[in-house]
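First the proteins, then the strands, lettered A, B, ... as listed; each starts at 1.
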Protein chains: 2
Amino acid sequence: MTPTITVSRWLDLLQSAGCRVTAPRRAIVELMVGTSRALGPIEVYDLGRTEHPGLGLVTVYRTLEKLEELGLIERVHLPDGCHRYLRTADGHQHLLLCTTCGLVQTFAGDDLDPLTGKVASDTGFAINEHWLQFFGTCPNCRKPISTLSES
Amino acid sequence: MTPTITVSRWLDLLQSAGCRVTAPRRAIVELMVGTSRALGPIEVYDLGRTEHPGLGLVTVYRTLEKLEELGLIERVHLPDGCHRYLRTADGHQHLLLCTTCGLVQTFAGDDLDPLTGKVASDTGFAINEHWLQFFGTCPNCRKPISTLSES
DNA sequence: TTGTAATTGAAAATCATTTTCAATACAAGG
DNA sequence: CCTTGTATTGAAAATGATTTTCAATTACAA
Ligand SMILES: [Mn+2]
Ligand SMILES: [Mn+2]
Ligand SMILES: [Zn+2]
Ligand SMILES: [Zn+2]
């Protein structure tokens, strides 16, 4: 799905939820749809004002909260905190984060069922959720200095 | 290692790091060594004052920060935030958390190397760390109401 | 025992987030 | 295209968490 289509889908979903489609919301939605990094409120505020100069920080908080309620974005947990949001991936996916530039990709295919079963029987817990995240350096950030100008 | 031994080991480590062993620090260390739940600053403050009534919240923040620097405790990431601390486990362990009572256990034995390798070659990332956590209900919280009085 | 630097807790300052509120703008209906 | 009711907005104030400042206290090396 192209970013433009995704933006209108998000706006439609907002409207179906009884919300009005306004310029500030459009700016924030475009931002969150188009970004592959987890963004915090202040970042959204700063980036959003290039699109909609009057944007208020309060509106950023309110809109992020609403998008999270609708499941379109979600909080990302990072070593330095959990105050950044990213668009939600489809299906069961986990995150792979570049610790240098913040780029986020997703991956699937983890099979934790055997481990989950073993841990459950070892401990007596009923396990019903897991968090898995990988951290590393993305291809772009791995490039040596000498080749940076070529990209 | 018994809790008492662990407490003196932590205090020794504090001292080796150039810190003085004081009553407020001792109270906080005893708390963090003896608890199997992730505790936030206010919880540490409240629990700590039963041991050391004059304890100040500022001292709690400062001591938790120092214990984290020494690697004795670490921040736990939970759905509702990452402002709680837990003593660090030995070796490569992951957390299993009870979403009802907050009890935390650890487990080992995850083998994510194959998946890590696959994701690395699929994405071009150099992966150097992973986070894994399980959530569920602990044996005690799984007990039906009718048997609660028996425990 | 003494001297000194680290530590303490209260109070003030700072920073992030939430609430309040009057003005504005969306969108449903005429 | 207007009108109208209500959701939304952003500024300012309020709140809550964390950090900084500072004078008094305390640990501990000598
Ligand atoms: Mn999974
Ligand atoms: Mn592991
Ligand atoms: Zn990168
Ligand atoms: Zn429990």
Rounded to the nearest 0.5 angstrom, the SG-NE2 distance for B:Cys82 and A:His83 is 5.0 Å
So how far is it from A:Glu30 CD to A:His52 NE2, rounded to the nearest 0.5 Å?
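A:Glu30 atom CD to A:His52 atom NE2 measures 11.5 Å (nearest 0.5 Å).
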Rounded interatomic separation in angstrom, taking [atom1] from [X] and [atom2] from [N]:
X       : N      : atom1 : atom2 : answer
A:Arg49 : D:dT9  : CZ    : C1'   : 15 Å
A:Glu68 : C:dT18 : CD    : P     : 11 Å
A:Tyr85 : C:dT17 : OH    : C1'   : 11 Å
B:Glu65 : C:dA6  : CD    : P     : 16 Å
A:Leu64 : C:dT17 : CG    : P     : 10 Å
B:Leu57 : D:dG16 : CG    : P     : 14 Å
A:Arg84 : C:dT17 : CZ    : P     : 12 Å
A:Arg26 : C:dA25 : CZ    : P     : 14 Å

Minimum-distance nucleotide (side-chain atoms of [X] versus [options]):
X       : options               : result
A:Tyr61 : C:dT8, C:dA16, C:dA11 : C:dA16
B:Lys66 : D:dA11, D:dT20, C:dT7 : C:dT7
B:Cys19 : C:dT7, C:dT19, D:dT20 : C:dT7

Partner of A:His130 under side-chain hydrogen bond (donor to acceptor under 3.5 Å, both in side chains), picked from A:Asp113, A:Thr116, A:Asp110, is A:Asp110
Under 3.5 Å: donor-acceptor pair, side chain of A:Arg87, backbone of A:Thr35
yes
Quick check: does any side chain N or O of B:Thr50 sit under 3.5 Å from a backbone N or O of B:Asp46, one acting as donor and the other as acceptor?
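Here the side-chain-to-backbone pair does not exist.
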How close do A:Gly136 and B:Asn128 get, heavy atom to heavy atom, and via which atoms?
CA-OD1, 3.8 Å
Kindly say whether the aromatic ring centers of B:Phe134 and B:Phe107 come within a distance under 6.0 Å.
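Distance test on ring centres: under 6.0 Å, yes.
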Considering only nitrogen or oxygen atoms on both sides, find all protein atoms under 3.5 Å from nucleotides 22-27 of chain D and state each distance.
| residue | atom | partner | partner atom | Å |
| --- | --- | --- | --- | --- |
| D:dA27 | N3 | B:Arg20 | NH1 | 3.0 |

Can you check whether [X] has a side-chain N or O nearer than 4.0 Å to OP1 or OP2 of [N]?
X       : N      : result
B:Arg25 : C:dA6  : no
B:His52 : C:dG9  : yes
B:His83 : C:dA16 : no

What nucleic acid atoms does B:Leu55 come within less than 4.0 Å of, heavy atoms only: base, sugar-phosphate, or nothing?
sugar-phosphate
Validation row: B:Leu55, B:Ile28 side chains within 4.5 angstrom (heavy atoms):
yes
Rounding to 10 degrees, work out the angle separating the end axes of the helix from C:dT1-D:dA30 to C:dG30-D:dC1 (five pairs an end).
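If I round to tens, the end axes sit 40° apart.
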So A:Trp131 and A:His77, would you call those rings parallel, tilted or perpendicular, with 30° and 60° as cut-offs?
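Because their plane-to-plane angle lies in the 30° to 60° range, the rings of A:Trp131 and A:His77 count as tilted.
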By salt bridge (Lys or Arg N to Asp or Glu O under 4.0 Å) - contacts of B:Asp12 (at least two apart):
none
